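Predicted model, so just to flag it, every value in this text is computed and none were measured.
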Amino acid sequence: MRTAHTGLLIRMVFELNNLNVASFAGPDAADFLHAQLSADIAALRDGESTFACYCTPKGQVIALLLVCRDGDDFLVAAAAELLPAVLQRLRMFVLRSKVEFSLVENLNVFGLDETCDQRKNLQIFTPGEHDLAYAVAEAVPDALIDSEKWKARELQRGIVWLSPATSGKFIPQMLGYQDIGAVSFSKGCYPGQEIVARTKYLGRVKRKPGLLLLEPELQIPPGSAVQLSTDSGTIDGIVVDSVNEGHGRSLLFSVARFEEGQPVIALEHGGRNYRCATM
């Protein structure tokens with residue numbers, strides 16, 4: 001978690017139209033989110049943010065969330081295709097909690113890369129330990145609508161937003177979400193916490209995330225099954241997301257039984273073979 005900054009020097013701003021925003025308000029907002037999500041929401045101070053998972057009772061990730069504290073309230077960003085269903089599910093657990101939440105249609109999410117010579121008077125959230133930052137605002141002048149370029153940067157840093165095809169299919173460790181700060185192993189209970197914690201302490205994560213560089217440019221739909229070839233044989237994998245990286249290549253974020261020291265050299269999908277490499 002890092003504190004938000006204002007007046008940061010920004011080189012390029014991307015409008016991320018694949019994400020939507022919801023607001024959470026009320027005296028119990030922090031406690032409610034802390035009890036439902038995998039990250040330590042109670043530890044967030046004003047202007048701080050964190051990635052978090054919303055999981056099923058069996059520990060499968062329904063959606064990756066970006067949770068930003070704004071005073072006593074919270075702004076939560078997630079995949080536009082999943083956020084309405086996430087809010088509907090969360091309403092089942094409000095009970096007597098004094099919290100209200102809803103989609104905020106006039107707010108957008110923007111991606112901000114490293115500093116340079118253009119000042120933007122924005123509240124900037126920097127979850128995790130990487131050089132990417134996010135802003136939640138109505139509009140940003142001169143923002144580029146180029147979510148593909150931004151997605152490539154996210155995938156390189158282990159940030160992958162789930163979709164309807166991949167929601168509820170993986171526990172957090174299969175996606176590497178603990179490495180981007182989305183999982184706290186010291187906080188209290190939340191849906192799926194027992195399974196997530198047991199997996200960590202018993203070391204039983206058989207499937208892991210892997211980022212592949214694929215030639216040529218080829219976007220494989222999320223949830224697709226692929227077969228990956230190494231020097232010692234083949235392994236089955238599931239595509240979580242992919243994006244054209246440029247230069248005639250694609251980035252592919254997949255989950256499979258990757259082994260240390262066994263780089264992937266080829267991928268088979270739809271009856272065709274493609275050359276690829278492990279990043």
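- Closest heavy-atom contact between Tyr54 and Phe93: OH-CE1, 3.8 Å.
- Using a cut-off of 4.0 Å between Lys/Arg side-chain N and Asp/Glu carboxylate O, Arg157 and Asp131 are scored as salt-bridged.
- Residues that satisfy the ring pair (Phe, Tyr, Trp, His ring centres under 6.0 Å) test with Tyr134, not counting sequence neighbours, are Trp150.
- More than 12 heavy atoms of other residues, nucleotides or ligands shown are found within 6.0 angstrom of CD on Glu217.
- Residues Leu175 and Leu162 form a side-chain contact, since some pair of their non-hydrogen atoms from C-beta on lies under 4.5 Å apart.
- Within the 3.5 Å criterion, the main-chain N or O of Arg257 finds no donor-acceptor partner in the side chain of Lys206.
- Using cut-offs of 30° and 60° for the angle between ring planes, the Phe51 and Trp161 rings count as perpendicular.
- Counting heavy-atom neighbours within 6.0 Å of Lys187 NZ, excluding the residue itself, gives a total above 12.
- Under the 3.5 Å distance criterion, the side-chain polar atoms of Asp236 are left unmatched by any main-chain donor or acceptor of Gln227.
- For Lys169 (side chain) and Gly223 (main-chain N/O), no donor-acceptor pair under 3.5 Å exists by modelled atom type.
- A salt bridge links Arg275 with Glu215: the closest approach of a Lys/Arg side-chain nitrogen to an acidic carboxylate oxygen falls below 4.0 angstrom.
- Proximity of a side-chain donor or acceptor of Ser163 to a complementary backbone N or O of Glu81 within less than 3.5 Å is not detected.
- Checking side-chain atoms of Ser38 against main-chain N and O of Cys53 turns up a donor-acceptor pair under 3.5 Å.
- When every heavy atom of Leu251 is checked against every heavy atom of Leu211, the shortest pair comes out as CB-CD1, 4.3 Å.
- Sparse packing is recorded around CD of Glu100, with 12 or fewer heavy atoms of other residues, nucleotides or ligands lying under 6.0 Å away.
- The shortest non-hydrogen separation linking Val160 to Tyr177 is O-OH, 2.5 Å.
- Using a 3.5 Å distance cut-off with no hydrogens or angles, the side chains of Gln173 and Thr199 do not pair a donor with an acceptor.
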